[in-house]
Peer 1: 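Here's a structure for you.
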Amino acid sequence: MSNHHRFSHLPKLLVVCAVLVAGRAALADVPDAVSYPNAWMNITPGANASRVEFSWATKSSDLTAFTYGQLDDILSTAPITENLPVPQVQIVKLLPGQDLASVSFDGNPVARTFQGVTLKSYVTQSGTTSAAGWYQNKVTVSGLERSSVYAYRVGYGTTWSSPYAFRTADPRAFTLIAVGDPQIGANTGGIHEPPAQVGNVLPYDIATWKSSVTAMTGAIPDAAFVLSLGDQIDNTSSQAGADAQYDGYFSPLELLGIPVATVDGNHDYGLGQYYGYHYNLPNQSLQYGATQYGNDGDYWFRYGSALFLMLNSNTLSASTHDVFLHKAIAANRDASWRIVCFHHALFSIADHGFDTDILFRRTAYSAIFDKHHIDVVLAGHDHSFTRSFQLEGGVPVSKEKMRTEKDGTVTVRDPEGTLYMTLNSGSGSKFYDLNSAYIDPVTGVVTYPVFVANFWQGYLPSFSRVAIDDDSFSIVTYALGGSTSPIDSYRIVKRGW
């Protein structure tokens, strides 16, 4: 099936997606959960395709209800012991045609239980760090088989959440969904702000994010995971404001059934270490890429032939990321694809294109990406879509190897350099126009810089479908609510056509 016709099957695919979430209640039934609709339950890809990472929040005003466990308080000089439960995740592999209603965990010999750790969360507001009032639960699940569906529940002892389900993909050839800034709580303002968003920003953003996630996961029901390229939320100054936006970001039920790999955006970073308590990230460095808060370092994971290198670009220094890349790549020499993800796009041309910090990263980061032979860089931040040419030293290369297929896909064979993608908002909360520096004030003629191969701003939510196998990487980007034809389609082929 051509990538260009996926949306024509959207209603049918939404039914497939609904099977995984049918009958699910919000996570308010998780014991002692924070008093939000879903306790911020989320799954992240694990270190490899056989693992996933769980994180969820709990809160209790009566710690005597907890009778066992240890809390590692990262702000203390040594671990301290409190009466907290050991968080657990139980899984059962579903048989073909089996539904959640028939799953039993108690006394089931094929049910597997995984234990994790509980961390006390902290937040920094106006330069002051204090306890955030809830606990993060982190559990790693391993030994997963490819192309399977697993029922799961989270909790401890005899107190458990409702059952949910997630599926695994075949890492030998897989697809994923990539989105730029959901940024729940943001708004565009001006003439391009939707009338329904005016004076109603948070409810509007939540509603559009929910509908976007439903459409994305419905159009690509076999996606192995989602990449969210930073600024999951907007608020940078208030825990109460951020909590309401995290409610919205985690609210789509589909996200209970698919792993999401996030990176730390400048808005996520606004409350210091608070971002890090919402996710359970594999292979995370406590040193490289980390800020003074320590829980936001770079991390990596492997899926099939692709190595995903997830950087915290709030740490401006390129040298710390350089060391991280060296170590991660050395541990994955056999990876066919090296894919870097972070928030601050280097080669974008909207509002942030001439920011001093962006120009610094453009030079410093691209040099280390050239050094480590990075294939693809995925980023957000500039709330618009840009695809670069293959770039080396910031200059287009391998243009002579490009050709346009009959379906409009641009294909390049065995190219030099790195592809840089800037993805627009996945929720549609906020958009930026093309920077006026590229528009003649008299004639209105647009002249793009030499590194730009394609630019789009349609003031609509968008997402990209990425497909990867040993020999090819393709990224096809669609707008939601507009034409079913792709905005852009690009493919890199190694080892010939």
Peer 1: If we check side chain to side chain contact (heavy atoms under 4.5 Å, CB included) with Val376, which of these qualifies: Ile492, Val340, Thr418?
Peer 2: Ile492

Peer 1: Any heavy-atom pair between the side chains of Thr44 and Pro259 that's under 4.5 Å?
Peer 2: no

Peer 1: Under a 3.5 Å threshold, yes or no: a donor from one side chain and an acceptor from the other, between Ser319 and Ser317?
Peer 2: yes

Peer 1: Would you list the pairs meeting salt bridge (Lys or Arg N to Asp or Glu O under 4.0 Å) in which at least one residue belongs to residues 294-321, sequence neighbours left out?
Peer 2: Arg302-Asp334

Peer 1: Looking at every heavy atom in both Ser429 and Gln183, which two are closest together, and how far apart are they?
Peer 2: OG-O, 3.1 Å

Peer 1: Indicate whether any N or O donor in one side chain lies under 3.5 Å from an N or O acceptor in the other, for Ser50 and Asn48.
Peer 2: yes

Peer 1: His381 and Asp181: side-chain donor and acceptor closer than 3.5 Å?
Peer 2: no

Peer 1: Please round to the nearest 0.5 Å and tell me the distance separating atom CZ of Phe431 and atom CG of Leu460.
Peer 2: 6.0 Å

Peer 1: If you measure only the distance, is there a donor-acceptor pair under 3.5 Å linking the side chains of Asp205 and Ser427?
Peer 2: no

Peer 1: Contact between His192 and Asp433 at the side-chain level, heavy atoms closer than 4.5 Å - yes or no?
Peer 2: yes

Peer 1: Would a distance-only check, ignoring hydrogens and angles, find a side-chain to backbone donor-acceptor pair under 3.5 Å from Trp337 to Asp469?
Peer 2: yes

Peer 1: If every non-hydrogen atom of Phe324 is compared with every non-hydrogen atom of Ser285, which pair is closest and at what distance?
Peer 2: CD1-CB, 4.4 Å

Peer 1: As an exercise, state the distance from OG1 of Thr320 to CD1 of Ile368, rounded to the nearest 0.5 Å.
Peer 2: 9.0 Å

Peer 1: So, Arg338 and Asp375, do they make that salt bridge, N to O below 4.0 Å?
Peer 2: no

Peer 1: Once rounded to the nearest 0.5 Å, what's the spacing between atom CG of Asn312 and atom OG1 of Thr315?
Peer 2: 4.5 Å

Peer 1: Return yes if some donor-acceptor pair links the side-chain N/O of Tyr459 with the main-chain N/O of Pro194 below 3.5 Å, else return no.
Peer 2: no

Peer 1: If you apply the rule side chain to side chain contact (heavy atoms under 4.5 Å, CB included), what do you find for Leu144 with Val52, and how did you get there?
Peer 2: CA-CA 8 Å; Leu144 301 173; Val52 291; 3.9 Å; yes

Peer 1: Holding to ring pair (Phe, Tyr, Trp, His ring centres under 6.0 Å), I want the full list of residues that pass it with Phe114, two or more places apart in sequence or in another chain.
Peer 2: none

Peer 1: As an exercise, state the distance from OG of Ser366 to CG of Leu391, rounded to the nearest 0.5 Å.
Peer 2: 8.5 Å

Peer 1: Heavy atoms only: give me the nearest Tyr156-Gln88 pair and the separation to one decimal.
Peer 2: CA-OE1, 4.2 Å

Peer 1: Just checking, any donor-acceptor pair under 3.5 angstrom between side chains of Glu193 and Asn187?
Peer 2: yes

Peer 1: Got a sec, which residues hit side chain to side chain contact (heavy atoms under 4.5 Å, CB included) with Lys138, two or more places apart in sequence or on another chain?
Peer 2: Val117, Leu119, Gln136, Asn280

Peer 1: I'd like to know whether Phe308 forms a ring-ring contact (aromatic ring centres under 6.0 Å, His included) with Phe225, so could you lay out the CA-CA distance, the side-chain angles of the two residues, the decisive distance to 0.1 Å, and finally the verdict.
Peer 2: CA-CA 12 Å; Phe308 292 87; Phe225 53 89; 5.3 Å; yes

Peer 1: Assess the side chains of Ser348 and Thr422: does a donor N or O sit below 3.5 Å from an acceptor N or O?
Peer 2: no

Peer 1: Do the side-chain N and O atoms of Thr217 and Glu254 include a donor-acceptor pair separated by under 3.5 angstrom?
Peer 2: no

Peer 1: Only one of Thr124, Asp243, Asp268 forms a side-chain hydrogen bond (donor to acceptor under 3.5 Å, both in side chains) with Tyr274, so which one is it?
Peer 2: Asp243

Peer 1: I need the minimum non-hydrogen distance between Phe347 and Gly394, along with the two atoms involved.
Peer 2: CZ-CA, 4.1 Å

Peer 1: Within the distance-only criterion (no hydrogens, no angle test), does the side chain of Ser121 pair as donor or acceptor with the backbone N or O of Trp134 below 3.5 angstrom?
Peer 2: yes

Peer 1: Would you name the heavy atoms of Asn295 and Gln273 that are closest together and state the gap between them?
Peer 2: ND2-O, 3.0 Å

Peer 1: State, with a plain yes or no, whether a side-chain heavy atom of Tyr122 is found less than 4.5 Å away from one of Tyr277.
Peer 2: yes

Peer 1: Side chains of Tyr164 and Val154: does their closest heavy-atom pair fall under 4.5 Å?
Peer 2: no

Peer 1: Going through the distances and angles, do Phe455 and Phe385 end up as a side chain to side chain contact (heavy atoms under 4.5 Å, CB included)?
Peer 2: CA-CA 6 Å; Phe455 174 84; Phe385 173 86; over 6 Å; no

Peer 1: State, without any angle test, whether Asp247 and Trp40 hold a side-chain donor-acceptor pair at a distance under 3.5 Å.
Peer 2: yes

Peer 1: Would you tell me whether Thr113 and Gln90 have side-chain atoms, one donor and one acceptor, within less than 3.5 Å of each other?
Peer 2: yes

Peer 1: Partners of Thr236 by side-chain hydrogen bond (donor to acceptor under 3.5 Å, both in side chains), sequence neighbours excluded?
Peer 2: none

Peer 1: Tell me, with the steps shown, if Arg146 and Phe174 meet side chain to side chain contact (heavy atoms under 4.5 Å, CB included).
Peer 2: CA-CA 11 Å; Arg146 65 176 182 245; Phe174 65 96; over 6 Å; no

Peer 1: Calculate, to the nearest 0.5 Å, the distance between atoms CG and OG1 belonging to Asp231 and Thr262 respectively.
Peer 2: 11.0 Å

Peer 1: Using the test side-chain hydrogen bond (donor to acceptor under 3.5 Å, both in side chains), find all partners of Thr140 that sit at least two apart in sequence or belong to another chain.
Peer 2: Glu53

Peer 1: Could you give all pairs that pass the salt bridge (Lys or Arg N to Asp or Glu O under 4.0 Å) test and reach residues 315-324, with sequence neighbours left out?
Peer 2: Asp322-Lys371

Peer 1: Under 30°, 30 to 60°, or over 60°: which ring-plane class applies to Tyr365 and Phe369, parallel, tilted or perpendicular?
Peer 2: perpendicular

Peer 1: Would you sort out whether His343 and Ser313 count as a side chain to side chain contact (heavy atoms under 4.5 Å, CB included), showing the intermediate values?
Peer 2: CA-CA 6 Å; His343 181 60; Ser313 54; 3.8 Å; yes

Peer 1: Are side-chain heavy atoms of Tyr420 and Phe389 found at a separation under 4.5 Å?
Peer 2: no

Peer 1: Minimum heavy-atom separation for Pro461 to Gly426, with atom names?
Peer 2: CB-O, 3.6 Å

Peer 1: Distance from Asn42 atom CG to Gln232 atom CD, nearest 0.5 Å?
Peer 2: 10.0 Å

